[in-house]
Structures are given as C-alpha cells and as structure tokens.
Number of protein chains: 2
Amino acid sequence: MSRPHRLTRIAQLLSERRFSSQDELAEALGRGGTEVTQATLSRDLRSLGVSKRSGPDGGTWYELPGPATEQLDRGRQMVDLKVFVNEARLAQNLAIVKTPPGHASAVARAIDMLEFEGLVGSVAGDDTVLCVLADTATAKRFKRHLDALAGRIGGAR
Amino acid sequence: MSRPHRLTRIAQLLSERRFSSQDELAEALGRGGTEVTQATLSRDLRSLGVSKRSGPDGGTWYELPGPATEQLDRGRQMVDLKVFVNEARLAQNLAIVKTPPGHASAVARAIDMLEFEGLVGSVAGDDTVLCVLADTATAKRFKRHLDALAGRIGGAR
DNA sequence: CACGTTCGCGCATAGTTATGCATCGGCTTC
DNA sequence: GAAGCCGATGCATAACTATGCGCGAACGTG
C-alpha cells in the first residue's frame with residue numbers, strides 16, 4: 001500500500017481509538033492489510049505531526065495534531081490538508097497553495113500547525129495560501145511534504 | 001523544592017522553549033536550583049498531561065495540553081487549574097470543585113482536558129463544577145490529583 | 001506517640017522510539 | 001539506456017521514557 005494511503009489509514013485509526021505504542025498500531029494496520037514496521041511508523045507519525053500524550057491515570061496514547069483535544073475534531077487536521085489542498089506551486093522561496101474557494105484560512109491554520117521547520121509564515125486569501133519559506137531548498141522540501149500528505153507525490157505543480 | 005512548585009516550574013519552562021528530552025529538561029531545572037531525576041520527570045510530565053510532539057522536519061519536543069498549539073496560550077491550562085481551583089470536596093463518587101465567581105466553565109474545560117480515567121463528566125455552574133467519577137475510589141484519586149496540581153496536598157476539603 | 005497508610009522519589013531496568021546505514025525502485029538526464 | 005538522484009523502507013541499535021521495587025517522610029488514628 002502506498003505511503004499516502006497508509007498515512008490516511010493511520011490518521012483514521014488514531015481518530016477511532018487509542019493506541020499506546022507503535023507496535024500496537026502496526027498490528028492494527030497489519031490486520032487491515034497494511035504491513036508496516038515500527039521504524040516506518042515512527043517516521044509516518046512524525047509526518048503527521050502526531051504527538052504522544054499521557055494521562056494522569058497511567059495511560060499513554062497517540063493523538064492527532066490540531067484542535068485535537070476537542071474530541072469531535074480529532075483527525076480533522078490532516079484530512080483537511082488532504083482534501084482541501086488542490087495544488088502547490090513554487091516560486092523561489094515561496095509556496096503558493098491553492099484551495100477550494102473560501103478554504104484558504106482553514107488550510108493556512110492547518111499548515112501552521114505542521115510546525116514545519118523553515119516555514120517563516122503564511123497568509124491566506126480566499127482560495128490561496130502564500131507560504132514564506134526560509135530558502136528555496138526548504139520550499140522544495142515543503143512542497144514535497146504537502147504533496148505527500150495530499151496523496152499526490154510529484155502531483156500538480 | 002516541593003512537587004507542586006516543580007510542576008509549575010516545568011510548565012513555565014515548557015511554555016518558554018522547546019525541550020526534546022527529559023534529561024534536557026532535567027538539566028534546565030537543575031540550573032534553576034531544582035534537582036530532579038528523569039524518572040520523576042516522567043511522572044511529572046504525565047501529571048501535567050504533557051505530550052511529546054514531533055515535527056515533519058525531525059525535531060521532537062514536549063507540549064503542554066489544551067489549546068496548546070496556539071502559541072500564546074501555551075502553559076495556560078495547568079496554570080488555570082492551579083490558580084482557579086479554590087477547593088475540592090468529595091461526596092461519594094462526586095467531586096465538587098469550587099472556583100472564583102464566573103470561572104467554573106473555564107475550570108471545567110481544563111478538567112475535561114486532563115482526560116482523567118474514570119471521570120464520567122462534569123457540569124459547570126458559576127463558581128462550582130460538579131464532577132461525576134466512576135466510583136468513590138476514583139473520586140478520591142481525582143481529588144488528590146487536583147489538590148496536588150493546585151499545590152495544596154491534603155488541602156481544603 | 002506507636003502504628004498503619006499514603007505519597008514522593010531514586011535506582012535499575014524493561015519497554016518504546018528514533019535513526020544511521022544499506023537497499024531498492026522510480027525518475028530524470030545526457 | 002546507463003548513470004545519477006531521491007524518496008521510502010527494513011534492520012539493527014542507540015537514545016529515550018516508563019515503571020516495579022524499596023525506602024523514608026508525612027499524615028491520620030486511637
């Protein structure tokens with residue numbers, strides 16, 4: 001199964017129930033026909049910006065980023081990016097992200113929450129988000145990251 | 001230094017800059033005159049509901065709970081509980097939490113975000129929050145947890 | 001104040017995650 | 001279509017975190 005698919009699947013699983021270790025998650029993915037090693041999972045979770053949380057009672061579990069602690073919104077963040085990023089173009093150290101009309105600010109928020117190193121800032125219009133990256137190399141990495149999340153590796157440009 | 005103080009200090013540090021490991025945090029605390037081992041830190045971070053986050057770029061760091069991803073609000077959650085919980089009483093499996101006038105809903109929100117196992121739910125009035133716990137034993141643990149965070153171990157009842 | 005409990009905490013170590021290195025397959029370039 | 005790149009991934013292992021156990025201090029009781 002392709003990486004983008006796997007990432008989506010992981011986000012789904014995390015939004016459904018709590019997993020306390022990567023091995024546990026790996027097993028669940030396996031049962032779903034998606035074989036994956038702990039090492040890859042470690043990298044995937046990083047891509048998704050997932051965090052590991054621990055409660056006062058002893059448990060620990062993975063949590064999707066964003067307004068995640070708000071029960072109902074769990075799992076939204078990445079799904080938003082996947083669904084609402086139509087295209088990402090580069091211009092030197094700038095990235096222009098196209099979204100459906102009116103969705104720019106939501107996408108910009110989601111992008112900010114990626115905490116991408118080298119992302120200086122972003123401004124949202126109505127259907128466009130302008131992201132300022134530290135340099136062209138970073139911008140390239142950034143675009144790739146977005147493309148990967150959106151499931152369009154090497155997609156529209 | 002007392003545990004409550006230490007917890008507060010940790011929350012402060014985490015809101016100031018990023019720490020990527022418990023040892024790193026321990027060292028910072030040490031420089032501030034608060035000696036602590038990694039083991040204790042592990043337990044403290046759990047008490048605070050802190051989560052470990054990893055970014056797309058390779059870094060990992062600890063993050064306070066709550067609307068934490070909103071830069072400006074970082075570190076607020078626990079501080080709120082510490083400052084605004086006046087008193088916690090028990091009645092069977094119920095906990096009555098007193099707050100300053102008008103602060104009940106804010107405290108209730110903070111309490112919900114603790115994700116305390118066994119906390120069935122909570123309702124807020126104006127200066128009182130009623131928490132429903134699974135059973136009396138859980139209620140007791142819950143009260144202790146609140147007392148500890150508020151810096152009043154075995155405090156008012 | 002002696003006794004039974006509970007809590008906080010260090011130590012040592014089990015349990016989990018992250019990552020350097022080597023591969024492999026897909027793309028791009030001459 | 002051979003050579004060079006790059007991303008994705010497994011493996012082995014380093015790095016980091018959680019926890020069982022035991023001790024000592026603090027508290028509640030009679």
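Only this structure's heavy atoms are used, side chains among them; waters, hydrogens and symmetry mates stay out. Worth saying up front: this structure is predicted, and the values here are computed from it rather than measured. Proteins get letters first, then strands, A, B, ... in listed order; numbering begins at 1 in each.
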For the pair made of CG in A:L48 and P in D:dA8, what is the distance, rounded to whole Å? 13 Å

Review item, nucleotides 10-12 of chain C N/O atoms under 3.5 Å of protein N/O:
| unit_1 | atom_1 | unit_2 | atom_2 | d |
| --- | --- | --- | --- | --- |
| C:dG10 | OP2 | B:T37 | OG1 | 2.6 |
| C:dG10 | OP2 | B:T40 | OG1 | 2.1 |
| C:dG10 | N7 | B:R43 | NH2 | 3.0 |
| C:dG10 | O6 | B:R43 | NH2 | 3.2 |

Could I get the full list of side-chain hydrogen bond (donor to acceptor under 3.5 Å, both in side chains) partners for A:E27, not counting sequence neighbours? A:R31

Whole-Å distance separating the CG atom of A:L29 from the C1' atom of D:dG10: 16 Å

Nearest-Å distance for atom pair NE2/C1', residues A:H145 and D:dG7: 14 Å

Does a side-chain N or O from B:Y62 land closer than 4.0 Å to OP1 or OP2 of D:dC16, or not? no

Grab the NZ-P distance between A:K140 and D:dC5 for me, whole Å please. 12 Å

Among C:dA18, D:dT9, C:dC9, which nucleotide sits nearest the side chain of B:R6? C:dC9

For residues A:Y62 and A:L13, determine if any side-chain heavy atom of one lies less than 4.5 Å from a side-chain heavy atom of the other. no

Value in whole Å for how far the C1' atom of C:dT5 lies from CZ of B:R141: 17 Å

Output for pair (B:Q22 CD, B:D44 CG), nearest 0.5 Å, gives 9.5 Å

Given atom CG of B:D44 and atom C1' of D:dT19, what is their separation to the nearest angstrom? 14 Å

A:S21, nearest nucleotide to its side chain (from C:dT16, D:dT17, D:dT19): C:dT16

Taken in chain and number order and not counting sequence neighbours, the residues that satisfy side-chain hydrogen bond (donor to acceptor under 3.5 Å, both in side chains) with A:T37 are A:T40

Look at the side-chain N and O atoms of A:K52 and state whether any lies under 4.0 Å from the OP1 or OP2 oxygen of C:dT16. no

Residues in salt bridge (charged side-chain N to carboxylate O under 4.0 Å, His left out) with A:E24, at least two apart? A:R17

Rounded to whole angstrom units, what separation is found between the NE2 atom of A:H5 and the P atom of D:dA8? 14 Å

In the structure I gave you, are the side-chain heavy atoms of A:L14 and A:L45 within less than 4.5 Å of one another anywhere? yes

Taking atom OG1 of A:T60 and atom NZ of A:K52, what is their separation to the nearest 0.5 Å? 4.0 Å

Who are the side-chain hydrogen bond (donor to acceptor under 3.5 Å, both in side chains) partners of A:S21, not counting sequence neighbours? none

Would you say A:S42 reaches C:dT17's phosphate, i.e. side-chain N/O to OP1/OP2 under 4.0 Å? no

Rounded to 10°, the helix from C:dC1-D:dG30 to C:dC30-D:dG1 deviates from straight, judged by its five-pair end axes, by 40°

For B:D23 and C:dA18, what is the distance between atoms CG and C1' respectively, to the nearest whole Å? 15 Å

Would a 4.5 Å heavy-atom cut-off, applied to side chains only, mark A:L41 and A:I10 as touching? yes

C:dT17 phosphate, OP1 or OP2: any side-chain N/O from A:R46 under 4.0 angstrom? no

